[in-house]
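This report concerns only the one structure given below.
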Amino acid sequence: MAESYRAEDFEPLHVDQATQTLSRPSLSYWQDAWVRLKANRRALFSLYIVLALLAFTLFGPMLWTVDPASQDLDQVSQPPWADRSATLVAPYEPWQGEPAEPGSGLHAAQTPNTQAVRLVWEPMGNAEGGYRIYRNVFAIGPEKAYGLPLGEQFDAALTYFEDRLDLKSASYYYTVVPLNRYGDELEGAVTREIAVRNAITISHAEKRGLLTEGHTAQVGDSITLAAHPLGTDYLGRDMLARLMYGARVSLFIGIVAPFLYVILGVAWGATAGFLGGRMDGLMMRFADFVVALPFLLFMILFKIMFGIGPGESGIMPMLIAMVILSWPATSRLVRGQILQIREEGYIGASRLLGAKTNYLVLRHMIPNTMGVILVTLTFAVPSAIFTEAFLSFIGMGVAPPTPSWGSMCNEGIKTMLTTPHELIFPAVFISITVLAFNLLGDGLRDALDARMRSRE
Amino acid sequence: MWRYTAKRLFQGIVTVWFIATATFIAMHLVPGDPLASDKAVSPEIRANLEAKYGLDKSGIEQYFIYLGNLAQGDFGISFVQKNRLVNDIIREHFPVSATLGLLAVVFAGLGGVLWGALTALYRNRLPDVIIMFLVILGISVPSFVVAAISQLGLVNLNTLLGVTLLPVGGWGSVAHMLVPSLVLGLSTMAYLTRLMRSSMLEIVNSDFVRTAKAKGLPPTRIFTKHQLRNAVLPVITVLGPAIAAITTGGFVVELVFAIPGLGRYFVQAVQQLDYTVIMGTTVFYGAFLVFMVIAVDIIYGLVDPRVRLN
Amino acid sequence: MPEVATDEPGFAKSAGKQLLTFAAIAVLGLGALMFVLDALASLVGSDSGSSSAIEPELNMVTIAFEDEPPQLDSTQRADQISGRVLGHVMEGLLAYDEHSQLIPGVAERWEIDALDATFWLRKDARWSDGEPVTAHDFVFAWRKAADPAEASEYAFMMHYLKNGEAVSNGDMPLDALGVQALDDHTLKVELARPTAFFDKLVAFQTFYPIREDFFRSTNGRYSADAHELLYNGRFKITSWVHGASMMMVKNEHYWNRDAVKLDAIKVGYITQDTHARFNFFKDGKIAYTGLGAEQLSSAMENNFHIRRFQDGSLFYLEFNHQPHRVTRSWHLRRAMQLVTDSGELVNRVIKLPGYLAGKSLFPVYLPGVKETFRREYGEPLQELDRVRALEHLELAKKELGVKEIPTITMLIGDTPISKTQAEYFQAVYKETLGLDVKIDAQIFKQRLEKMTNKDFDIVMAGWGPDYNDPLTFGDLFASWNRNNHGDWKNDEYDALVDIAQNSMDQTERMEAFARMQQILYDEVVLLPHYERGQSYVTHPQLKGLVRRVVGADPDLRYARIEADAS
């Protein structure tokens, strides 16, 4: 059978578009990781939280323009839900006391308000050494616990007392106890319940911007005090504003410190791993030394060594100390990776094809260690935030008046029982941040893990 | 084996020298006057004090005297507790911190393995969800908050019951240790639980477990012999760093629960700029951790046949 | 992902059982471990949990300390905690009773003249080993306090004695110090100059006795431990576990032992955390504790009896008067004075009952001629006037030749309360005067060094009394005083201090103090912030706890346990 070949049989086959098209889009390592991260709902949610925190820090102060240092001493340690109505009163004038009318007993000489409560009472026969004045927020029970000892009048003839101590809008039980000449308490105490109303002086109201210029407000008018969505702290400063500024400190240390020490660690580890041999041994030995330094002890030592100058916030010393002490872990990790990659087949192939060192490092080594580095970085953030909080808690953190979440916790923990909001808000912010970075780290690790990639 | 041990010990000693030197340098760069007092003293008295603590000598001289004393295990006399040796302070207070730390590590280790195994076993069911929620809390709430709240809880519990169920602080019996060590070990326990859980889940899918099942081994045997045992290995490897973190991280717990440990002394010494106590404690802790890690490594090598010591 | 094996029926159950066994073994192991630890801990520990605040059967009271005493050598004592312990276990020539009146101590009677003093010691005063307390023990202790080799912070106390200053500077031998034992029970003192308050001085702890032979036998470890100290006071220390506990029991050799009502005082806890101490109190473990502002409402809720007390210390803002500092400007200082409201500080920022708004260098309790100094002579009128303050500020700018006042550095300590105060004043000076103040918060020793080097514009400082006379505050601003950190110098003031130091006429002295008080106000040398106070709670059965400004505080020497709560 004779076969006849035609000339067109020898023409190249027409290149069909369809054969060249990939059925699925080609994904780079990072695109692939991103796809997997997106599929991980928890990690994605954490990512959103992290972004929200950053927005809170960076843009929050633009929306909520309250000065975090401004003190509203008329609203000290107020929870968010506190009653903000107040009465305008005349400026405070010192009071020299006045006698009580016979038969009137213990009572307030003038309308009691949060500026001052002025008490007068009738002389008591047995009070040789004067009187002691108490105040309680609870009714006096059989224990005769009269509450806070506000002060004494060491002269039996002086039957008045002015109380200005941390007055809140509440009902108080005032008690006057007669004393003998040694100052010991005698029988015959009188108690009177007195309701105190919230008040602010006109000058204070003007200073706080509650009354505009040219106002016609008068003494006795009602007024609403400045709003504080998350309450105020022990100096009447706005918690929301302080949390925003505190976030700047905490997140700055939490993100910048790990960033810096991871870079240092990568540089150190990559150099050691790449150079190998004697140099590698020396460099790693040094890293081992630094690892052996007890972390918290040296954090504290370095903190006081660098010192905080007048007016400085103390952020930089903390940052430097953290970088000095924390880089070796990353450097070990990166060195290990580099050593491993160096032995991989594709590096050898690439070298045979004439690739230069620069090319090898930039094209293969760094991208291939990037995943590990990124995961390390994410997990380093929570521990850096904790370190800052811990140092601030033992009083070795940022200097006043700089707020940080840790120092706010430290202040709030003292008043945990009476004004829990001062602890809860900063603690919740720390917890959420730490949690978000942890979950994000988990997600990233899963997404970047090469083994997972092949397992789909 | 012996060569390895000797080599590691030598390395350990060099590391301790490094720590001692770093501490000395840091300490002498700290601004402030360790001899300053509330009442200003005359220059004559000051000179006598400086001579007493050897501060009148040059820095280099002080360094070699310090190294010499260190080699003999002598940390000097405290600047604040003027007739107490730093050695005494360490000898009396380190056992307290160590006991607390040891118990915390045990709690963390046992708890971590147990909860981790449990969550893996009941994956995505109620016990898993509850435990993992607690784990998340344990990881994300700062330890000082946990310490303060748990002490408060104890007080309220005791008040409620009318008897002292557990003391709210102090030291002297195991009852004093329970809550502080739990608090101290909490975050490590949470971390280990997570680790154990993922390690268990990974092993469930491994070839040897599948083989064991194919062989028809009873489930309990598979669970203990194959899964649990292998899943615990990664947990053990991180115990070393965990011990380090726990023993040096006890300050807060010691402060809140009024425990006479060394950590509390360190913080006080820093505030008082008590040179000898700061240097002594730091070097001691550093040396302790270095030799601890060496010991763990050697023991690990003996236990796990896959690790060869060389 | 393949399904996990654990989902097979039955597997989870049996594995769970296994886990349970494992858990049971773990718990057992833990129990064993704890048993061992328990034995170990009782070696180091205080066994704090076993006793209640009040133990009527043992006649024992349990308390807590904020810190442990750094050491208990009376000639070296410089801190409050050591003073507290020493006050309980030692006794000087004179002592203070429960109403803070001077009473005979080791000395039965005494005579103080212009330039010498004689003390006749009681024959039945004994050390805790039964040996008598002799005049030689005082001579030894006082020489030791003045000894330059000992480098005591309180050596200046011996400057009241003849040759005291020369001896403590090493210019004269120790035996030149103006104190000698005429016989075992007669102590003769020569004074450097007439000292009207020498009886109050010898009650101070630097003047306590130390027995020479015992001191030598301790080989430099004197007072480092309970058995390395000899006691002549109402109590003696029987055990001292550093950092953890201390046990003080009644001293059976004390001459007036029948007056001691308590058999034992146990310091069960040592912690700086006010919160923790309050928790111990609530839990019925300690009989006394101080309160922070944060604990007040909880104390009220629990119906505790709250008391208050001024501990005698004054806290104030001191200016640097050196020529290159802006604070040398009187107008600037005056402007700041006119906007500093110590009342607001105490009532709205510190918020603790017991604190008094600072009005003078001399706290309210200091004695005058008959009554207290402040009741006899009053205090400068405190003015608050922002308008005038701004006028002074303008004048200050002219005086200094600047357009704007440069930033003022405020040196403070690192305690929470001083940080809060600093933040408060920073905002006050900014809001009222537009002054920029930067805070320089330093740990204790670093702050002291900066104060000594005069490295500040303004500094928050405090001072506690060493003896019960206005001079303990008054000489602070004498130009020669090393504690005058701001280098303020005023000839009239110096002359007044001289009168107060040398005059034996109380009225003349008090008038000098009154004039000093006015000068300090007019020249704005300091801005008094507050007289520190303390709020505290005591167990209802504990009676006779004494709080005092000078000496052991709180003082349980006269305390007793009452049968049941009243």
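Model, not experiment: these values are computed from the prediction. Proteins get letters first, then strands, A, B, ... in listed order; numbering begins at 1 in each.
- Side-chain polar atoms of C/Glu423 and A/Tyr234 form a donor-acceptor pair below 3.5 angstrom.
- Nearest heavy-atom pair across A/Pro149 and C/Pro353 is O-CB, 3.2 Å.
- Proximity to chain C (any heavy atom under 4.5 Å) is shown, for A/Val137, by both the backbone and the side chain.
- Both the backbone and the side chain of A/Leu165 have a heavy atom closer than 4.5 Å to some heavy atom of chain C.
- For C/Lys450, the part lying near chain A is the side chain, with the backbone staying farther off; criterion is any non-hydrogen pair under 4.5 Å.
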So C/Arg348 and A/Asp74, side-chain contact (heavy atoms from CB on, under 4.5 Å) or not? Walk me through it. CA-CA 8 Å; C/Arg348 296 256 163 130; A/Asp74 291 302; 3.1 Å; yes
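- Using a 4.5 Å cut-off between heavy atoms, C/Thr409 contacts chain A through its side chain alone, with no backbone atom that close.
- Contact of A/Ile304 with chain C is made through backbone and side chain together, with heavy-atom distances under 4.5 Å.
- Within 6.0 Å of atom NZ in A/Lys303, more than 12 heavy atoms from other residues, nucleotides or ligands are found, so the atom counts as buried in its surroundings.
- Looking at A/Glu152 and C/Arg308, their side chains come closer than 4.5 Å, going by heavy atoms from C-beta outward.
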CA sep, side-chain torsions, deciding dist, call: A/Tyr134, C/Ile306, side-chain contact (heavy atoms from CB on, under 4.5 Å): CA-CA 9 Å; A/Tyr134 286 93; C/Ile306 308 168; 5.7 Å; no
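- By number of non-hydrogen pairs under 4.5 angstrom with chain A, the leading residue of C/Met300, C/Lys438, C/Arg375 is C/Met300.
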Would C/Lys351 and A/Val76 count as a side-chain contact (heavy atoms from CB on, under 4.5 Å) if you check the C-alpha gap in whole Å, the side-chain angles of each, and the deciding distance to 0.1 Å? CA-CA 10 Å; C/Lys351 299 182 282 197; A/Val76 167; 3.1 Å; yes
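- Interface remark: A/Glu185 contributes side-chain atoms only to the contact with chain C (heavy atom separation under 4.5 Å).
- A pairwise comparison of heavy atoms in C/Ala427 and A/Ala69 identifies CB-O, 4.2 Å as the closest pair.
- Atoms CD and CD1, from C/Glu294 and A/Ile413 in turn, are 11.5 Å apart once rounded to the nearest 0.5 Å.
- With a 4.5 angstrom heavy-atom cutoff, C/Phe304 touches chain A only via backbone atoms.
- A 6.0 Å sphere centred on CD of A/Gln96 holds no more than 12 heavy atoms belonging to other residues, nucleotides or ligands.
- The candidate from A/Leu167, A/Asp163, A/Leu148 with the greatest count of non-hydrogen atom pairs under 4.5 Å with chain C is A/Leu148.
- Using a 4.5 Å cut-off between heavy atoms, C/Thr407 does not touch chain A at all.
- Smallest separation of non-hydrogen atoms from A/Ser70 and C/Glu431: CA-OE2, 4.5 Å.
- When each of C/Gln446, C/Lys430, C/Met410, C/Arg307 is checked for heavy-atom pairs under 4.5 Å with chain A, C/Arg307 comes out on top.
- Of the atoms belonging to C/Leu352, it is backbone heavy atoms, and not side-chain ones, that fall under 4.5 Å from chain A.
- For a residue to count as touching a neighbouring chain, one of its non-hydrogen atoms must lie under 4.5 Å from one of that chain's; by this rule A/Arg135 touches chain C with the backbone only.
- Separating the OG atom in C/Ser297 from the CZ atom in A/Phe138 is a distance of 6.5 Å, to the nearest 0.5 Å.
- Counting heavy-atom pairs closer than 4.5 Å to chain A, the top-ranked of the candidates C/Val428, C/Ile443, C/Thr420 is C/Thr420.
- Considering all non-hydrogen atoms of both residues, A/Pro401 and C/Gln426 come closest at CG-OE1, 3.1 Å.
- Expressed to the nearest 0.5 Å, how far NZ of A/Lys144 lies from CG of C/Asn303 amounts to 13.0 Å.
- For C/Glu344, the part lying under 4.5 angstrom from a heavy atom of chain A is the side chain only.
- With a 4.5 Å cut-off on non-hydrogen atoms, A/Thr419 does not touch chain C at all.
- The most heavy-atom pairs under 4.5 Å with chain C, out of A/Met396, A/Glu411, A/Arg164, A/Arg237, come from A/Arg164.
- For C/Val437, no part lies under 4.5 angstrom from a heavy atom of chain A.
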